[in-house]
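Every heavy atom of this structure was used, including side-chain atoms; hydrogens, water molecules and symmetry mates were not. Remember, it's a predicted structure, so these values are computed and weren't measured experimentally.
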Amino acid sequence: MIGLLVNTKEVKELEYLLKREMEEILFDLEDERIDHIAKRAMEERYKILFILFRRIAQPGDCIRYMRKKRIKK
């Protein structure tokens with residue numbers, strides 16, 4: 001395990017960067033032109049970013065970025 005000591009200003013900057021990146025991925029996942037293999041890689045990246053975000057963000061902010069399970073028919 002690696003520890004990280006950051007101040008309040010740095011936490012806000014990390015939150016901003018993670019939110020921006022996750023919003024971009026969510027936007028791209030809705031694009032039908034993107035191949036399913038690329039989308040799967042994007043979803044894996046999103047999961048990692050969300051785990052990082054969950055560690056520093058307030059619970060209310062985390063709910064907004066939770067992915068909904070999709071049932072494939």
Side-chain angles (χ1 to χ4, degrees):
M1 169 155 297
I2 297 176
L4 179 65
L5 186 62
V6 294
N7 62 29
T8 308
K9 185 176 180 181
E10 293 167 337
V11 168
K12 293 294 181 188
E13 183 66 24
L14 286 171
E15 278 186 47
Y16 171 75
L17 291 172
L18 290 169
K19 283 180 182 180
R20 195 174 82 192
E21 185 67 23
M22 289 189 300
E23 287 173 359
E24 187 175 320
I25 291 173
L26 289 174
F27 180 76
D28 288 342
L29 285 173
E30 298 299 321
D31 192 348
E32 297 297 325
R33 298 173 293 173
I34 298 176
D35 185 38
H36 71 281
I37 296 171
K39 284 186 178 183
R40 187 172 36 196
M42 291 165 51
E43 286 176 359
E44 289 176 19
R45 179 178 170 88
Y46 188 87
K47 287 178 187 177
I48 293 168
L49 292 173
F50 182 74
I51 290 169
L52 290 170
F53 181 69
R54 196 174 60 196
R55 292 181 185 211
I56 61 172
Q58 298 295 320
D61 291 336
C62 293
I63 291 172
R64 179 175 177 217
Y65 290 96
M66 289 178 112
R67 294 271 296 157
K68 293 165 183 60
K69 296 275 184 179
R70 292 189 180 184
I71 300 172
K72 294 186 179 184
K73 296 180 181 179

Engineer: Do K19 and D61 come within less than 4.5 Å of each other through their side chains, counting heavy atoms only?
Structural biologist: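 Yes, side chains in contact.
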
Engineer: Give, for atom CG of L52 and atom CG of L4, the distance between the pair rounded to the nearest 0.5 Å.
Structural biologist: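 These two atoms lie 10.0 Å from each other.
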
Engineer: Hey, can you tell me if Y46 and F50 have their rings parallel, tilted or perpendicular (30° and 60° cut-offs)?
Structural biologist: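 Rings of Y46 and F50: parallel, under 30°.
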
Engineer: Give, for atom CD of E24 and atom CG of L49, the distance between the pair rounded to the nearest 0.5 Å.
Structural biologist: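 Rounded to the nearest 0.5 Å, the CD-CG separation comes to 10.5 Å.
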
Engineer: Tell me whether I48 shares a hydrophobic cluster with L17, the cluster being built from Ile, Leu, Val, Met, Phe, Trp, Tyr side chains joined at under 4.5 Å.
Structural biologist: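 No: no chain of side-chain contacts under 4.5 Å links I48 to L17.
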
Engineer: Given side chain to side chain donor-acceptor pair (under 3.5 Å), test Y65 with E23 step by step and report yes or no.
Structural biologist: CA-CA 8 Å; Y65 290 96; E23 287 173 359; 2.6 Å; yes

Engineer: Are R67 and L29 side-chain neighbours, meaning at least one heavy-atom pair lies under 4.5 Å?
Structural biologist: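 In contact.
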
Engineer: Working to the nearest 0.5 angstrom, can you tell me the gap between M66 CE and F53 CZ?
Structural biologist: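 The CZ atom of F53 is 11.5 Å from CE of M66, to the nearest 0.5 Å.
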
Engineer: Going from CD on E43 to CG on L26, what distance comes out if it is rounded to the nearest 0.5 angstrom?
Structural biologist: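 Taking CD in E43 and CG in L26, the distance rounds to 10.0 Å.
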
Engineer: Distance-only, no hydrogens or angles: does the E30 side chain make a donor-acceptor pair with backbone N or O of F27 under 3.5 Å?
Structural biologist: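 Checking the backbone N and O of F27 against the side chain of E30, no donor-acceptor pair under 3.5 Å is found.
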
Engineer: To the nearest 0.5 Å, how far apart are NZ in K47 and CZ in R45?
Structural biologist: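 It comes to 14.5 Å.
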
Engineer: Heavy atoms only: give me the nearest L14-I56 pair and the separation to one decimal.
Structural biologist: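 In this case the closest contact between L14 and I56 is CB-CD1, 3.6 Å.
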
Engineer: So if you build clusters from Ile, Leu, Val, Met, Phe, Trp, Tyr with side-chain heavy-atom gaps below 4.5 Å, do V6 and Y16 land together?
Structural biologist: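 In one cluster with V6: Y16, no.
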
Engineer: Drop me the distance from M42's CE to I37's CD1, to the nearest 0.5 angstrom.
Structural biologist: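 The distance works out to 13.5 Å.
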
Engineer: How far apart are the closest heavy atoms of I34 and D28, and which atoms are they?
Structural biologist: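 Closest approach of I34 to D28: CD1-O, 3.3 Å.
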
Engineer: Would you confirm whether K39, through its side chain, and D31, through its main-chain N or O, come within 3.5 Å as a donor-acceptor pair?
Structural biologist: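 Pair found, side chain donor or acceptor close to backbone of D31.
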
Engineer: Measure across R54 and C62 and return the closest heavy-atom pair with its distance rounded to 0.1 Å.
Structural biologist: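 Shortest heavy-atom contact: CA-SG, 3.7 Å.
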
